[in-house]
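To start, the structure under review is shown below, and the notes come after it.
Everything numeric in this text was worked out from a predicted model, so none of it was measured. Index from 1, following the sequence.
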Amino acid sequence: MKALLPGKPESRLQALATGCWDSRRVTAYITGNAFSILGDADSLLQTVYDDDEELLEAIALDEASGKIAVCTHHAVRIYRPFGREEDALRWALQSSFTVGQDRVTADRSTSICLSWGAEEELLVAHSSLELYQTSSSPECCWRKKLANPVRLASLSYDSAYIASLGQYDRMVKVWRRLSYGADGVVIDFIYLPHPQVVTGIQWRRPHYIDQTIDNVLYTFCADNILRIWTGSDSHGQQHLQLWGKVDLAASIQGRAIPPAGASSLRWAFIIHGRDLSAATEEAVQRGVSPTDEDGSVALEHLIAVANRSPEVCVVLDGHGHMSAWALENVGCKTQKSNIFNVAHVMSPEFDFLKGLPASPAPHVEAYSYCNAGGQLQILLHFFDGRIQVYQSSIACLFDPRPNKNMGRIGLRQLWTGHSAPIRKIVRNYSGRAIVSRTENGECVVWNHELDGVKTLLSRQVVIQHTQHIHRMCLLRKGRFVVFLHHDSISLWDCRQPTPSLLAEGKYDIPGKPLCLLILPRHKVEDYTTAHIATITSEKQGIVWEVKFPFYTPNEGASVPKGNKHQKAAITEYVRFGLEDAGDLAYVLPVDPAGSTPVVSGFLDVFTRDIAISYTHSGRVEFWTARVGHKDKGVEWLSTCSMETGVCDPALVSGSTMKKAALVDSTRSSLTIWGVRGEQLEYTQDFENGTIKDLDWTSTPDSQSILAVGFPHRVLLISQMRFDYLNKGPAWAPIREISIRDYTPHPIGDSTWLGDGHLVIGAGNQVFAYDRQFDVSNALVTSLRLPHRKDAKWDIFEAVQRLNGPLPVFHPQFLSQCILAGKIALVHSILLALHKTLKYWIEGEVIDDYLGLAMGDFYSSDHVRCSMQAHQVSSGNGAGDYLSRRMSYDDNGETFDEEVAVIIAEKLTQVAIPQLSGHEQIQLVDIVECVGLVEKQRRSLDENGARFMLFFRQHALRKGRANEIYMSWREINWAYHSESQDVLLDFVSRQHHGKLLWEDARESGIFMWLTDSAAVRAQFETIARNEYTKSDIKNPVDCSLFYLALKKKTVLQGLWRMASWNREQGATQRFLANNFDDPKWRTAALKNAYALMSKRRFEYAAAFFLLADHLSDAVNVCLNQIKDLQLAIAVARVHEGDNGPVLRKLLEEEVLTIAAQEGNRWLASWCFWMLHRRDMAVRALITPVYTLLETPGSPTAVDIKSKLFLTDDPALVILYSQLRHKTLQTLRGASKVTPKVEWEFVLHNARLYDRMGCDLLGLDLVRNWNFFQPTTTTNMGGGIDPLKLLKRRGSMVVADLPVSPVLAQMPSEMKSGGHLKQPPPTVFEEPDSNSLLDSFGF
């Protein structure tokens, strides 16, 4: 915490109490119906709110017991401390009692006073004096009715005297206690006369609690005279006598003739002997500053004063003067008494009234204390609602040198705030000013210096508003504030300490005003004009033009001509309707985030957003506006929108980064959306918390941070890099700020300041937290910040580490390079890493780019090489893909399996600073996998290499990751590979030749094998392995597999050997029947249903197959066994790839699942299996639900289908590969409009950027080839897909179905015309030119 505003102190004489209890400083003051307890100036121990909403009137602290007494108009409450031994000091209510019955009917202008004495005695003074014993339950031991109500009363520290005075009294009544004990208290009294009204009374403090001292009473009078009264002979009538006087007015005048009309204002406070001794000891221990050559003079002077053991009276005039007078041997009967001057100085540091109006000056109560080992603290309680805490080295304070004007005293802390609970906090756009509002209309404007080293917030003005404030906004760095009421709008000037109402206007508009928006300036240079707008629930709006009085902005700014005498005004500018906003629920201003926008004057999607709207159905929309472009009007533009599916959200907040956070109607579920990309990025249920507030900010690098407010804590959630390989979260909690230790009051509102400081308003108090936080308490376990001595880190630095570009050797970057086909680049990176690690010494910085040139990552030569390699991989030379990608470093060293082993071994020995331990293990896995794939480079194509690498990585990480199966992305790579025999052998060897169904499902074999014979052969292998997997060899385990293969006879043979199984006889007899007979098929069905009832689902599916009910068997696999792959595999094996059951399964189940989950990889695979290869290409680029024959609405689709994980930059790689593979895929690509493809490429580039792979995003946008639109049609009327190809000689599979037009033509016309002769049946040697032409020459 950098700044604390504990609440606005009440303007009462007893609003503050300070004392030393149990060797610790405790200061408490009342604010509204609460009181704040502070340990040090910036250390809040506790805030206690009274159950009664009535304001507190007085507070007192007992230095002996630590008890705190507070009172309202008619009740006193006593709080006792506890938890001291556990280092969790708190105060709890001990007892409460009502004061005399006369207080109930007393005038509320009369005050009540509290004062502690010895033995936990408490004086309660009002229209009576009452003395209570509070050690147990409060008991009144003495009561005295008074003629006039008391204004001030004070009990001496030994309870021997009570001093009291009424309103405007010139006589101080001093009550002397004559007896102690249970028999009763006997007290007499005397009067101490004064010439004018007495303004203050104070007893001398003892050096320590049990010290016996002569009581000394200090009285301050309106004649600016301090009088000191001491005890006399106890047998005499006058038991207090005047000891001496200090003329406060004259003490500051002696060196110059006072100007005419000079103020006679004086403040005075007593530095008691115990505080003077402690401050002197600290000054002596600290010694003379090396920079102060004559500092010894001040220290010697202080020691000379302190040796005389005086009390010191400090006098201030508030305008730069200070005088100090020592009271030596006060009340001592054996030593000579004396009053002498200690210091008389003038310094601007004592100009406490600077900037305040000359009249009337605020009343000030002054206090001082000094903790053991600390410096002198001076507390000035201004009755305008603040307490200023100053700190001073007492040697510097009393330094006699007249030329020392600075360094005597310094402001340490400002205690202020509100006197009622805060309801709303609004910031200006730059975050330099905020305005906070309470429920009773009190508004305070606070200033904030960006990156300031002093107090975080300074109070600018306080506006007491009687009308209800509906909305408010700050303008021009807090110089002006606008309030929107139910039927009027007002403009206030906040430049002076006293605010003033500049202009006010009435309005009448249908609906409830939802917001107050500041519109972009029409002319940037015209800073004296602003336009603000409101939008109502009826989608109607008003724009007001606000004219400010002329002022000079920051130095260097241009001053507009012609408006130096402009008067303030607020007038209606234009009315408008927002009909396109839908079923509008709310409109809110967006939170500023990212870089400072530049006003361009254009109205387009790049213009800064000013508002976010949401509907009851959950549609979120960002808006921008422009005023006064062509005529007197306003133009609105929706920059982006999306359907979230969150109905009736309770809270919505948007940022200018086009991020939106939504809270559902239960206020427990939070979702974060990237509206520009229509992505769900984060979802979290907070079961034990109610979300109250959402606020956005961002780092200078435009990385977003969301503050989620709960009743007693604020959770800071930071964006993270997208991680599609580990499926890591895109957002994570990074810091939790809890205020429960400081206040029981729930948080009212919070907001961000411009430099990343967070302001929280709770009850009467304002808490300001800076960016520093303790890493050891961070909520992100993967933060991996280097250790620092103080364990403090800047939250912006931490968020930047969680985002931003990755080092090129990071496992995510290498994995994305592999997916993008940049094998040569991966080899280059690993060789550079090998070279770096070879000579690396611990402590050296490893370059994020390993010395590689930036051009290596996106050069067009590299891309051309990739395309050539892809051409080869698409043809007959499938094994040449990786062989063409052998990489060499500068020394001619090639990357091979041996180098991979060396790198992996080195990585297990050293810790790379940029990687966490988990990431370094992943890097070792990738290096090993790349080495393994390099060994197989002659027999693998590009897609086969991708699958092998990620399958091997999956096998290595199986025990450490949550992934059970290979993803549909890897299945697609293997499915489109032409090296499936190598992959099958590789997968089998990974499982030592014993491939079970569980292993097959994990690797997705039956999803990606395309050869039907290989599918059946592998399925039979699995059936055999399932039978032999256990020692007992149970035929039940393999029944489903053999019956899917229609090999009942093999199953019969296995049952023949299962003599141990009690079902052997019955099963053998049953299998011996002919199941072509409907009778036995029915019997098989009955058995299947019986097995279903016994929950033996796999065996039941086998009997469904025996009954030739393939669809029922597939349904059991799908619905009961919950195994989609098994259902597909059984259907493929039983009826082939073109069967009706498989088609129905793919169309009705698999595509539906793909649409619900938004799984484009699954949809593309499914369409390809259905021989809809055009749709397979489009599914990679278009939301799946839009491609189905009965598409669902986007709101009806599962919310998880919009999760960011459904997007994957590798989709663009597969799209670019498949779109020109066959004529069908070319036709599918032709149906993708250039705009959609453009947005798809840019979207994937943004994904690369969010992943930390900026260089790959640059490569994508730099080298992407768009299909050129064509109008050439074929004879069927459609676009001729061959015309889309840019290269001659590209090998494209002709898989288009025959057109109905061509089917009806004569055969000679199909072949190109009847005039041509049929081709010769004998071999003719081709012409050399035609051969060259076939190769594109």
Side-chain angles (χ1 to χ4, degrees), residues 13 151-152 154 163 165 168-172 192-205 216-230 242-273 275-276 305 310-328 330-331 337-347 349-353 356 358-368 376 378-383 388 390 392 394 397-398 400 408-409:
L13 295 176
R151 176 171 172 265
L152 278 175
S154 181
L165 60 97
Y168 309 118
D169 272 359
R170 298 185 180 184
M171 309 281 279
V172 177
L192 303 181
H194 292 73
Q196 293 188 29
V197 175
V198 179
T199 58
I201 55 177
Q202 184 177 352
W203 291 101
R204 179 169 66 172
R205 294 178 185 169
V216 176
L217 180 66
Y218 302 101
T219 60
F220 299 89
C221 187
D223 61 356
N224 274 333
I225 300 291
L226 166 67
R227 292 172 175 85
I228 304 102
W229 307 82
T230 61
L242 183 64
W243 176 86
K245 299 179 182 179
V246 177
D247 190 335
L248 306 181
S251 64
I252 285 183
Q253 291 180 359
R255 299 187 179 180
I257 298 174
S263 172
S264 61
L265 174 71
R266 296 293 181 268
W267 308 332
F269 60 91
I270 304 296
I271 301 178
H272 295 272
D275 296 326
L276 180 66
V305 171
E311 321 280 324
V312 176
C313 173
V314 178
V315 187
L316 304 164
D317 69 350
H319 294 288
H321 296 87
M322 187 275 291
S323 180
W325 297 84
L327 314 176
E328 184 181 6
V330 179
S337 302
N338 187 22
I339 299 177
F340 62 91
N341 182 259
V342 175
H344 188 101
V345 297
M346 180 177 179
S347 170
E349 294 176 337
F350 297 110
D351 191 0
F352 302 113
L353 298 177
L356 295 179
S359 180
H363 180 82
V364 174
E365 290 287 318
Y367 307 80
S368 70
L376 181 69
I378 300 171
L379 280 61
L380 299 181
H381 177 196
F382 292 82
F383 274 33
Q388 290 182 339
Y390 291 88
S392 171
I394 199 163
L397 182 67
F398 296 156
R408 293 182 181 271
I409 192 172

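Of the possible polar contacts, none joining the R205 side chain to the H272 backbone as a donor-acceptor pair under 3.5 Å is found. Between the side chain of S323 and the main chain of V315, no donor-acceptor pair closer than 3.5 Å is present. Formation of a donor-acceptor pair under 3.5 Å by the H344 side chain with backbone atoms of S251 is found in this model. E328 places no side-chain N or O within 3.5 Å of a backbone atom of P310 that could act as its donor or acceptor partner. The main-chain N or O of I409 is found under 3.5 Å from a side-chain atom of E349 such that the two form a donor-acceptor pair. With hydrogens and angles ignored, the 3.5 Å screen pairs a side-chain donor or acceptor of T199 with a backbone N or O of F220.
For the atom pair CH2 of W243 and OH of Y218, the computed distance is 8.0 Å after rounding to the nearest 0.5 Å. Rounded to the nearest 0.5 Å, atoms CD1 (I270) and CH2 (W203) are 14.0 Å apart. Put simply, CZ on F398 and CZ on R408 are 10.0 Å apart, with the number rounded to the nearest 0.5 Å. R151 CZ to L13 CG: the interatomic distance, rounded to the nearest 0.5 Å, is 5.0 Å. A distance of 11.0 Å separates CG of D317 from CE of M322, quoted to the nearest 0.5 Å. Taken to the nearest 0.5 Å, the CG atom of L248 stands 5.5 Å off from the SG atom of C313.
For the side-chain contact (heavy atoms from CB on, under 4.5 Å) criterion with V246, the lone passing option out of L327, I225, N341 is L327. Applying side-chain contact (heavy atoms from CB on, under 4.5 Å) to W229 and the options V216, L192, V330 leaves one that passes, L192.
Considering every non-hydrogen atom in both G200 and L152, the closest pair reads CA-CD1, 3.9 Å.
Side-chain contact between L165 and T219 is absent, with no heavy-atom pair separated by less than 4.5 Å. Taking 4.5 Å as the limit, every side-chain heavy atom of S154 sits out of range of all side-chain heavy atoms of L217. Between V345 and F350 there is a side-chain heavy-atom pair separated by less than 4.5 Å. In this structure the side chain of W325 never reaches within 4.5 angstrom of the side chain of L226, judged on heavy atoms. Residues C221 and R227 meet the side-chain proximity criterion, which asks for heavy atoms closer than 4.5 Å. Looking at heavy atoms from C-beta onward, V314 lies out of side-chain contact with S368 at the 4.5 angstrom threshold.
The aromatic ring centroids of F352 and F382 lie 6.0 Å or more from each other.
At a cut-off of 3.5 Å, with distance as the only test, no side-chain donor of Q196 or H194 sits close to an acceptor on the other residue.
Y168 OH: 12 or fewer foreign heavy atoms inside a 6.0 Å radius.
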